[in-house]
A.B. asks: 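Before we start, here is the structure in question, set down as structure tokens.
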Amino acid sequence: MKKYQALGMMSGSSLDGVDIAAADFLLDDQNQLQSWSLIAAETIAYNDAWIERLKTLPAASAKTYAQTHADLGALLGQMVRQFVEKHQLKPDLVASHGHTVFHHPESQMTAQIGDGAAIAAATGMQVVSDFRTQDLAKGGQGAPLAPLADRYLFPGYDFYLNLGGIANISSNTGSSFVAFDIGAANQLFNALAQRAGQAFDEGGKIAASGQLLPALLQTACQNPFYQLDYPKSLDNQWVQ
């Protein structure tokens with residue numbers, strides 16, 4: 001048996017902050033996962049300046065984009081150091097998804113910022129990053145990523161629904177594992193809550209007080225994306 005401690009982090013499209021977690025993994029001699037346990041996890045909030053910077057980045061200049069890629073890497077490295085010190089961890093590696101700015105699989109293009117080299121320099125640890133691009137280069141969607149966790153960490157279920165800024169679903173068909181994005185989730189909910197003067201719909205209270213509008217639902221369901229077969233994935237700009 002081999003034991004590894006991994007620290008994973010990503011920045012979601014809802015811009016609430018960086019999710020960071022540490023877990024121990026026990027693998028057998030064939031590198032098959034036998035067991036795992038969560039050691040520590042938290043969300044480190046962005047300040048207002050970073051929220052605005054990331055929100056406006058898709059329309060920024062190439063130089064601003066490159067600088068933000070480097071600066072976010074340095075910030076993520078700082079977060080890793082603080083998280084490791086706070087929880088007295090000794091990770092074997094850091095896995096950083098970064099923050100998605102563009103995702104256009106039809107053009108074999110995706111872009112996640114948060115320079116892995118900057119994280120490695122700030123922490124002195126081994127860093128794994130850039131998770132999506134090889135799959136896109138080979139004609140895949142590069143997304144969603146959550147089904148990998150569904151398959152290996154939570155076996156025994158037929159369907160898994162992941163609700164992030166964008167929602168995706170995973171299905172264990174018995175002979176294969178199928179996953180795809182299904183539509184907008186927290187990005188849309190947050191935008192509606194902000195119209196009501198709240199940052200987000202805490203506890204789903206606003207949503208729970210409403211009622212279904214069949215005509216609006218029917219209009220929404222006519223969007224061409226919902227008629228596409230899988231594999232398929234969504235870009236933040238599509239949601240917005």
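Since this is a predicted model, take the numbers as computed values, not measurements.
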A.B. asks: Using atom types as modelled and distance alone, determine if a side-chain donor or acceptor of Ser107 lies under 3.5 Å from a backbone N or O of Met109.
C.D. replies: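 Not confirmed, Ser107 side chain does not pair with Met109 backbone.
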A.B. asks: When you look at Thr68 and Trp50, which way does the side-chain contact (heavy atoms from CB on, under 4.5 Å) test go after all the steps?
C.D. replies: CA-CA 10 Å; Thr68 306; Trp50 266 107; 3.8 Å; yes
A.B. asks: Is the backbone N or O of Phe189 less than 3.5 Å from a side-chain atom of Asn186, with the two atoms forming a donor-acceptor pair by type?
C.D. replies: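 Not confirmed, Asn186 side chain does not pair with Phe189 backbone.
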A.B. asks: Are Ile51 and Tyr65 joined in one hydrophobic group, where the rule is that I, L, V, M, F, W and Y side chains link up if heavy atoms are under 4.5 Å apart?
C.D. replies: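 Yes, same cluster.
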A.B. asks: As an exercise, state the distance from CG of Asp16 to CZ of Phe200, rounded to the nearest 0.5 Å.
C.D. replies: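 If we round to the nearest 0.5 Å, Asp16:CG and Phe200:CZ are 8.5 Å apart.
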A.B. asks: Near Glu202 CD, under 6.0 Å, is it more than 12 heavy atoms from other residues, nucleotides or ligands?
C.D. replies: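 Open.
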A.B. asks: Of all the heavy-atom pairs spanning Gln237 and Val101, show the shortest one and how long it is.
C.D. replies: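 Scanning both residues, the minimum pair turns out to be OE1-O, 3.5 Å.
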A.B. asks: Look at the side chain of His103 and the backbone N and O of Gln112, then say whether any donor-acceptor pair between them is shorter than 3.5 Å.
C.D. replies: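 Here the side-chain-to-backbone pair does not exist.
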A.B. asks: Please step through side-chain contact (heavy atoms from CB on, under 4.5 Å) for the pair Arg53 and Gln67, ending with a clear verdict.
C.D. replies: CA-CA 11 Å; Arg53 190 172 181 181; Gln67 187 65 61; 4.1 Å; yes
A.B. asks: For residues His99 and Leu15, report the shortest heavy-atom separation together with the two atoms involved.
C.D. replies: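 Nearest pair, atom of His99 first, then Leu15: CE1-CD2, 3.3 Å.
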A.B. asks: So for atom CD, which belongs to Gln126, do other residues, nucleotides or ligands contribute more than 12 heavy atoms lying within a distance under 6.0 Å?
C.D. replies: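 No, the 6.0 Å shell around CD holds no more than 12 heavy atoms from other groups.
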A.B. asks: Is it true that Tyr4 and Trp36 have ring centroids separated by less than 6.0 Å?
C.D. replies: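 Not under 6.0 Å, so no.
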A.B. asks: Out of curiosity, Thr110 OG1 to Asp135 CG, how far, rounded to the nearest 0.5 Å?
C.D. replies: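 One finds 10.0 Å between OG1 of Thr110 and CG of Asp135.
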A.B. asks: Got a donor-acceptor contact below 3.5 angstrom from the Asp115 side chain to the Leu72 backbone?
C.D. replies: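 Between the backbone of Leu72 and the side chain of Asp115 there is no qualifying donor-acceptor contact (under 3.5 Å).
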A.B. asks: Examine distances only and state if a side-chain atom of Asp181 and a backbone atom of Ile166 form a donor-acceptor pair shorter than 3.5 Å.
C.D. replies: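 No, the answer is negative, given that no donor and acceptor are paired below the 3.5 Å cut-off.
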A.B. asks: Give me the atom names and distance for the closest heavy-atom approach of Ser171 to Phe159.
C.D. replies: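 Smallest interatomic distance, heavy atoms only, reads OG-CE2, 3.4 Å.
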A.B. asks: Tell me the closest heavy-atom pair linking Tyr160 and Pro155, and the distance in Å.
C.D. replies: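 Scanning both residues completely, I find the closest heavy atoms to be OH-CA, 4.0 Å.
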A.B. asks: May I have the step-by-step check of side-chain contact (heavy atoms from CB on, under 4.5 Å) for Asp150 and Asn162, ending in yes or no?
C.D. replies: CA-CA 9 Å; Asp150 295 339; Asn162 298 292; 3.1 Å; yes
A.B. asks: Out of curiosity, does Phe154 fall in the hydrophobic cluster containing Phe177 (side-chain heavy atoms, cut-off under 4.5 Å, transitive links)?
C.D. replies: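 Yes; tracing contacts between hydrophobic side chains, which count when under 4.5 Å, links both residues.
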A.B. asks: Looking only at heavy atoms, which two atoms of Ala199 and Gln194 are closest? And how far apart?
C.D. replies: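 Answer, listing the atom of Ala199 first, then Gln194: O-NE2, 3.3 Å.
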A.B. asks: Check the hydrophobic clustering (I, L, V, M, F, W, Y; side-chain heavy atoms under 4.5 Å; chains of links allowed) and say if Met10 and Leu7 are grouped together.
C.D. replies: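 No, no single cluster joins them.
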A.B. asks: Give the C-alpha distance, both sets of side-chain angles, the deciding distance and a yes or no for side-chain hydrogen bond (donor to acceptor under 3.5 Å, both in side chains) between Gln240 and Asn236.
C.D. replies: CA-CA 6 Å; Gln240 292 158 13; Asn236 292 332; 5.6 Å; no
A.B. asks: Hey, could you give me the CZ/CD1 distance between Phe83 and Ile20, rounded to the nearest 0.5 Å?
C.D. replies: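 If I round to the nearest 0.5 Å, the distance is 5.0 Å.
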A.B. asks: How long is the span from the NE2 atom in His104 to the CG atom in Leu136, to the nearest 0.5 Å?
C.D. replies: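 Taking NE2 in His104 and CG in Leu136, the distance rounds to 11.0 Å.
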A.B. asks: Is there a side-chain contact between Asn168 and Leu234, using heavy atoms and a 4.5 Å cut-off?
C.D. replies: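 SC-SC contact between Asn168 and Leu234 ruled out.
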A.B. asks: Please indicate whether Lys2 has more than 12 foreign heavy atoms, meaning atoms of other residues, nucleotides or ligands, lying under 6.0 Å from its NZ.
C.D. replies: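 Atom NZ in Lys2 is crowded, with more than 12 foreign heavy atoms closer than 6.0 Å.
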A.B. asks: Checking the side chain of Asn172 only, and the main-chain atoms of Gly174 only, is there a donor and an acceptor separated by less than 3.5 Å?
C.D. replies: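 Checking the backbone N and O of Gly174 against the side chain of Asn172, a donor-acceptor pair under 3.5 Å is found.
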A.B. asks: Cluster question for you: counting only ILVMFWY and a side-chain heavy-atom cut-off of under 4.5 Å, with indirect links fine, are Leu89 and Ile44 together?
C.D. replies: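 Looking at the clustering, Ile44 is in the same group as Leu89.
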A.B. asks: For the pair Asp48 (side chain) and Glu52 (backbone), establish whether a donor and an acceptor sit closer than 3.5 Å, ignoring hydrogens and angles.
C.D. replies: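 Judged by distance alone, no pair lies under 3.5 Å.
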A.B. asks: Is the backbone of Phe131 close enough, under 3.5 Å, to the side chain of Gln134 for a donor and an acceptor to pair up by distance?
C.D. replies: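 Checked: no pair found.
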A.B. asks: Treat each ILVMFWY residue as a node, draw an edge where side-chain heavy atoms are under 4.5 Å apart, and state whether Leu145 and Ile113 are in one component.
C.D. replies: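 In one cluster with Leu145: Ile113, no.
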A.B. asks: First locate atom CG of Leu76, then atom CE of Met9, and finally report the distance between them rounded to the nearest 0.5 Å.
C.D. replies: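 Atom-to-atom, Leu76:CG and Met9:CE are 4.5 Å apart.
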A.B. asks: Give the intermediate values and the outcome of side-chain contact (heavy atoms from CB on, under 4.5 Å) for residues Lys205 and Asp201.
C.D. replies: CA-CA 6 Å; Lys205 294 176 183 176; Asp201 185 8; 4.2 Å; yes
A.B. asks: Sorted by first residue and then second, give each ring pair (Phe, Tyr, Trp, His ring centres under 6.0 Å) pair with at least one member in residues 217-240; sequence neighbours left out.
C.D. replies: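 Ring pair (Phe, Tyr, Trp, His ring centres under 6.0 Å) check on residues 217-240 returns Phe180-Tyr230, Phe225-Trp238.
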A.B. asks: Determine yes or no for a side-chain-to-main-chain donor-acceptor pair under 3.5 angstrom, with Gln34 supplying the side chain and Asp28 the backbone.
C.D. replies: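 No.
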A.B. asks: Report the distance from atom CD of Gln78 to atom CD1 of Ile119, rounding to the nearest 0.5 Å.
C.D. replies: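 Going from CD on Gln78 over to CD1 on Ile119, the span is 12.5 Å.
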A.B. asks: Given Gln5 and Asp92, is the side-chain hydrogen bond (donor to acceptor under 3.5 Å, both in side chains) satisfied, shown in steps?
C.D. replies: CA-CA 5 Å; Gln5 185 172 100; Asp92 295 292; over 6 Å; no
A.B. asks: Of the non-hydrogen atoms in Gly116 and Ser129, which two are nearest, and what is the gap between them?
C.D. replies: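 Looks like CA-OG, 3.9 Å.
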A.B. asks: Using atom types as modelled and distance alone, determine if a side-chain donor or acceptor of Gln227 lies under 3.5 Å from a backbone N or O of Cys221.
C.D. replies: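 Yes.
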A.B. asks: Would the number of heavy atoms belonging to other residues, nucleotides or ligands and lying under 6.0 Å from CD of Gln222 be above 12?
C.D. replies: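 It does: Gln222 CD has more than 12 such atoms within range.
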